[in-house]
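Have a look at the structure below, then the notes.
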Number of protein chains: 2
Amino acid sequence: MQLRRFCSGTIEVQRNPSFSEITSDDIQHFVEILGEKNVVQDEDRLLAANTDWMRKYKGSSKILLLPNTAEEVTQILQYCNRRCLAVVPQGGNTGLVGGSVPVFDEVIINLGSMNKIISFDNVSGILVCEAGCILENLDAFLANQGFMMPLDLGAKGSCHIGGNVSTNAGGLHFIRHGSLHGNILGLEVALPDGTLLDMLGSLRKDNTGYDLKHLFIGIEGSLGIVTKVSILTPSRPSSTNIALLACKDYSSCQNLLVEAKRSLGEILSAFEFLDSDAMDMALTHLEGVRNPLPPSLYNFYVLIETAGSDESYNKEKLEAFLLSSMEDGIISDGVVAQDINQANSFWRIREGITEALTKAGAVYKYDLSLPVKNIYDIVEEMRSRLGEAAKVVGYGHLGDGNLHLNVSTPVYDDAVFTKIEPFIYEWTSKHRGSISAEHGLGLMKANKIHYSKSSESVQLMASIKKLLDPNRILNPYKVLPSSMLFND
Amino acid sequence: MQLRRFCSGTIEVQRNPSFSEITSDDIQHFVEILGEKNVVQDEDRLLAANTDWMRKYKGSSKILLLPNTAEEVTQILQYCNRRCLAVVPQGGNTGLVGGSVPVFDEVIINLGSMNKIISFDNVSGILVCEAGCILENLDAFLANQGFMMPLDLGAKGSCHIGGNVSTNAGGLHFIRHGSLHGNILGLEVALPDGTLLDMLGSLRKDNTGYDLKHLFIGIEGSLGIVTKVSILTPSRPSSTNIALLACKDYSSCQNLLVEAKRSLGEILSAFEFLDSDAMDMALTHLEGVRNPLPPSLYNFYVLIETAGSDESYNKEKLEAFLLSSMEDGIISDGVVAQDINQANSFWRIREGITEALTKAGAVYKYDLSLPVKNIYDIVEEMRSRLGEAAKVVGYGHLGDGNLHLNVSTPVYDDAVFTKIEPFIYEWTSKHRGSISAEHGLGLMKANKIHYSKSSESVQLMASIKKLLDPNRILNPYKVLPSSMLFND
């Protein structure tokens with residue numbers, strides 16, 4: 001079978017013939033475990049669960065399971081493992097690389113019904129909850145307690161914390177709160193053979209043996225299904241300030257980052273950048289968006305957020321930073337949001353770029369991690385490579401060395417695509433970058449892992465996959481090249 | 001063979017008979033790889049390398065190897081694996097659980113000669129260095145660049161960064177900078193079979209496949225030898241302030257922690273506590289130490305450090321916090337250090353407790369992690385259990401839920417020991433705590449892993465050990481129960 005993606009070539013993938021096909025006996029067995037209403041065969045609901053968020057991938061699963069407890073998840077897995085039925089775990093289904101939908105007829109296990117908060121300790125800030133909790137709901141719960149989730153991303157209204165863990169989600173506050181590997185304190189995970197692995201500690205420190213939970217962070221559901229999460233949450237800052245700054249060139253953006261880390265240090269909570277093409281996209285295609293720094297376009301814009309425990313001090317500090325950066329010539333212009341509406345309008349520019357690009361036509365999306373000093377080189381290389389044929393837009397989480405490079409054309413064009421790939425991956429590999437900073441590999445990039453990981457590393461990943469999932473039933477065809485898993 | 005520890009019972013361990021004994025041919029082979037002078041057979045140097053920092057454990061290795069490069073490490077391992085020669089990797093040898101010295105005749109590989117800084121990026125703060133670099137030297141190097149190491153511990157003058165990674169070291173600034181799982185960006189690791197695993201990325205974000213480096217953090221050298229490290233370093237704060245506060249009871253310490261996180265939030269960089277018995281120990285046994293809060297002893301003391309980018313603001317903020325905590329009755333007294341000497345004298349009390357305990361006689365040491373609200377219960381339980389027979393001292397990293405519980409007696413007493421163990425482990429297990437918050441398991445606690453980890457988890461650890469180290473040559477008898485590794 002062949003899958004066709006909307007705008008970046010074709011992925012060929014073969015159904016693993018050793019997987020069984022689902023039978024009415026299987027369905028009867030699932031009904032016994034979950035009850036009738038949690039075994040979904042309704043066409044509309046199946047279509048939604050088979051289709052990814054970008055509507056680029058569509059599987060053909062005939063069954064959607066909605067467990068209510070971790071025990072039910074283990075019973076399903078134990079059965080599927082014995083029957084050799086392939087399984088795709090699904091959270092909010094907001095991924096960008098086709099990781100959370102079936103490729104063929106995999107059984108879909110959606111964790112959405114497992115959405116209870118189990119405990120919150122307001123001394124330590126440790127939250128324990130089920131995997132199906134929606135990120136935004138958890139943050140709203142914590143807001144009432146004076147705490148916040150340590151991650152924030154565009155999909156927060158639908159993504160699940162279990163999915164965030166499984167994909168090691170990054171997002172907007174990564175520069176301040178860091179990776180989930182640092183914030184996740186414990187997990188409960190259902191293994192492919194139905195074993196329930198209790199690693200649900202809620203301790204900040206625990207050096208007793210191998211810290212296995214890390215094995216299940218960012219593996220895109222291919223080694224186990226996260227059923228419960230214990231996470232360290234920081235105090236909610238009482239004050240937040242946003243500034244939008246303009247720089248004349250990329251090296252000024254870099255200098256600004258160094259200075260911001262030095263002088264804002266402990267209150268810096270976001271450092272995002274966009275180039276003039278990205279700004280132009282937002283201004284052209286989004287309603288009600290305007291550039292607060294008129295009249296002409298600058299080459300680069302940086303959005304800085306500070307967050308802390310002292311309103312007036314934080315604002316003064318950000319304003320002073322802006323002033324001194326102006327005097328030093330690092331920035332050409334800048335404005336601090338005066339109220340929450342203006343702050344939201346600044347964020348709207350940055351967060352609206354994806355939407356603007358979609359409206360502009362076909363888009364070829366890349367999510368690269370590179371040493372900060374090299375980040376913008378690839379945007380310029382790509383521009384000179386593509387010439388007038390396409391618009392190249394660069395933006396992203398500069399503070400984390402994470403570039404979202406997007407190429408936009410009025411309609412999809414194979415000629416443009418072949419000029420982008422594999423060049424962009426080869427270039428990234430040469431500069432020891434990552435071809436997927438935060439989106440993961442999913443189905444889309446499983447075969448491209450070698451651009452960012454050594455063959456010894458990929459070999460070890462495959463060995464671990466085989467150890468934990470001997471029948472390879474969990475999220476097949478994703479993350480690792482199928483050739484390493486289905487040909488022995 | 002039987003090993004006798006100074007003050008906490010006996011550990012019985014059997015040499016694995018499938019390991020070879022070293023021959024003159026082996027030594028000749030090592031000389032060919034490393035050169036004569038890096039193959040040490042000198043008795044005095046061997047004695048030092050065979051003996052642990054606390055002088056409780058003494059192995060009988062006949063050979064100490066000093067590789068200069070990662071390639072030499074891989075050649076040694078490849079040879080040892082083929083010959084079935086057991087190996088113990090050694091860094092600064094400052095561990096507290098017997099993890100870094102041989103148990104029998106293991107080949108010692110000390111990384112001390114691999115101590116070069118490879119690169120530092122002053123935009124991102126990313127440091128790449130060899131594993132044998134001493135923590136304090138790295139911090140001194142970074143100080144010149146306006147950055148700092150994200151971890152700090154008592155042994156900083158001798159411990160190696162490779163050892164820190166292998167033991168997932170915690171320390172004094174954990175509350176601010178978090179776990180090494182969040183700060184380590186990349187590793188190069190020599191596997192038991194001699195494969196060199198290049199995971200030495202220096203990117204903050206990289207979601208391409210399984211993040212294997214976490215498999216080698218905190219595994220106490222039992223799955224691979226860390227040869228190079230890439231680590232994210234924070235900006236060095238331009239101002240640091242210290243206060244010593246007194247609380248009347250433990251629940252006030254807890255309230256103080258909540259308030260400190262809320263109002264000092266982003267500048268809080270240490271939150272340590274000690275009880276009056278710990279203070280008394282320091283005052284009695286350490287020269288030149290005095291309590292800055294006279295005249296009488298309070299029940300609890302808390303040491304708070306703030307660090308940030310603004311001298312006057314930070315000090316004012318800490319003083320205001322002290323004042324409001326006093327007014328609210330959370331603290332009974334408190335003083336902010338007026339200069340660096342006074343700051344050092346406050347730290348001297350907290351950091352000197354270990355030394356004071358050693359001077360006081362025999363000491364039974366425990367390093368527990370517990371939910372903050374339960375932490376002091378075990379100290380009180382232990383006091384009522386032991387009565388007049390012993391002094392029970394509680395101190396540690398309260399901000400991280402990490403208690404150092406120490407029992408002191410004039411001379412070692414088996415009767416006291418049997419009242420402590422296994423009670424203390426059972427109690428900790430019952431409260432879902434960790435029996436080793438930051439010290440690791442090493443030889444001392446390998447058989448006690450079940451108190452903190454589920455049997456399914458320990459089983460999976462053993463499977464991973466067997467996958468990566470089929471001949472079990474790396475750091476045998478440590479971390480995992482030998483019965484799980486040598487009886488099949």
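Naming convention: chains lettered A, B, ... in sequence-line order (proteins, then strands); numbering from 1 in each chain.
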[X] versus chain B, the contacting section by heavy-atom distance below 4.5 Å:
X: Leu468(A); result: side chain
X: Asp211(A); result: side chain
X: Lys478(A); result: neither
X: Leu257(A); result: side chain
X: Asn402(A); result: side chain
X: Ile126(A); result: neither
X: Leu212(A); result: side chain
X: Ser202(A); result: neither
X: Leu215(A); result: side chain
X: Asn122(A); result: backbone
X: Leu200(A); result: both
X: Ser238(A); result: neither

Give, as side chain, backbone, both or neither, the part of [X] having an atom under 4.5 angstrom from any heavy atom of chain A.
X: Val123(B); value: both
X: Lys445(B); value: neither
X: Ser235(B); value: side chain
X: Ile217(B); value: neither
X: Ile435(B); value: both
X: Thr208(B); value: both
X: Tyr451(B); value: neither
X: Lys453(B); value: side chain

Find the one option among [options] whose heavy-atom pairs under 4.5 Å with chain B are most numerous.
options: Asp367(A), Leu196(A), Leu223(A); value: Leu223(A)
options: Leu441(A), Leu467(A), Thr167(A), Ile175(A); value: Leu441(A)
options: Val258(A), Leu264(A), Val372(A); value: Val258(A)
options: Leu460(A), Leu480(A), Leu368(A); value: Leu460(A)
options: Lys373(A), Arg236(A), Lys261(A); value: Lys261(A)
options: Ser309(A), Pro371(A), Gly182(A), Gly401(A); value: Ser309(A)

Are any non-hydrogen side-chain atoms of [X] and [Y] less than 4.5 angstrom apart?
X: Pro481(B); Y: Ile449(B); answer: yes
X: Leu403(A); Y: Leu398(A); answer: no
X: Phe271(B); Y: His397(B); answer: no
X: Leu185(A); Y: Leu203(A); answer: no
X: Phe321(B); Y: Leu256(B); answer: yes
X: Met148(A); Y: His173(A); answer: yes

*Flag the pair Lys317(A) and Glu266(A) as a salt bridge only when some basic side-chain nitrogen lies within less than 4.0 angstrom of an acidic carboxylate oxygen.*
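Looking at Lys317(A) and Glu266(A), the cut-off is met.
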
_Heavy-atom pair of closest approach, residues Asp206(B) and Ser434(A)_ =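 Scanning both residues completely, I find the closest heavy atoms to be OD1-OG, 2.6 Å.
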
Return the option, out of [options], with the maximum number of heavy-atom pairs under 4.5 Å with chain A.
options: Gly209(B), Gly170(B), Gly308(B), Gly125(B); result: Gly209(B)
options: Ala437(B), Ala307(B), Pro234(B); result: Ala437(B)
options: Leu232(B), Asn183(B), Asp310(B); result: Asp310(B)
options: Asp198(B), Val479(B), Leu191(B); result: Asp198(B)
options: Met199(B), Arg176(B), Glu456(B); result: Glu456(B)
options: Gly265(B), Ser436(B), Ser263(B); result: Ser436(B)

Can a donor-acceptor pair be found, under 3.5 Å and without considering hydrogens, that links the side chain of [X] to the backbone of [Y]?
X: Glu220(B); Y: Gly99(B); answer: no
X: Asn207(A); Y: Glu438(B); answer: yes
X: Asn168(A); Y: Ile219(A); answer: no

*Measure the acute angle between the ring planes of Tyr376(B) and Tyr250(B), then classify it against the limits of 30° and 60° as parallel, tilted or perpendicular.*
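Parallel, since the angle between the ring planes stays under 30°.
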
*Ring geometry between His214(B) and His181(B) (parallel below 30°, tilted from 30 to 60°, perpendicular above 60°)*: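 The rings of His181(B) and His214(B) lie parallel, inter-plane angle below 30°.
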
*Establish, from distance only, whether the side-chain atoms of Ser124(A) and Asp121(A) form a donor-acceptor pair under 3.5 Å.*
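Asp121(A) and Ser124(A) do have a side-chain donor-acceptor pair below 3.5 Å.
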
_Side-chain donor-acceptor contact under 3.5 Å, Ser452(B) with Tyr425(B)_ =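 There is no such pair between these side chains.
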
*Checking side chain to side chain contact (heavy atoms under 4.5 Å, CB included) for the pair Asn164(B)/Leu151(B): CA distance, chi angles, key distance, verdict?*
CA-CA 9 Å; Asn164(B) 296 148; Leu151(B) 75 164; 4.0 Å; yes

_Ring center gap for His404(A) and His439(A) short of 6.0 angstrom_ =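 Yes, ring centres under 6.0 Å apart.
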
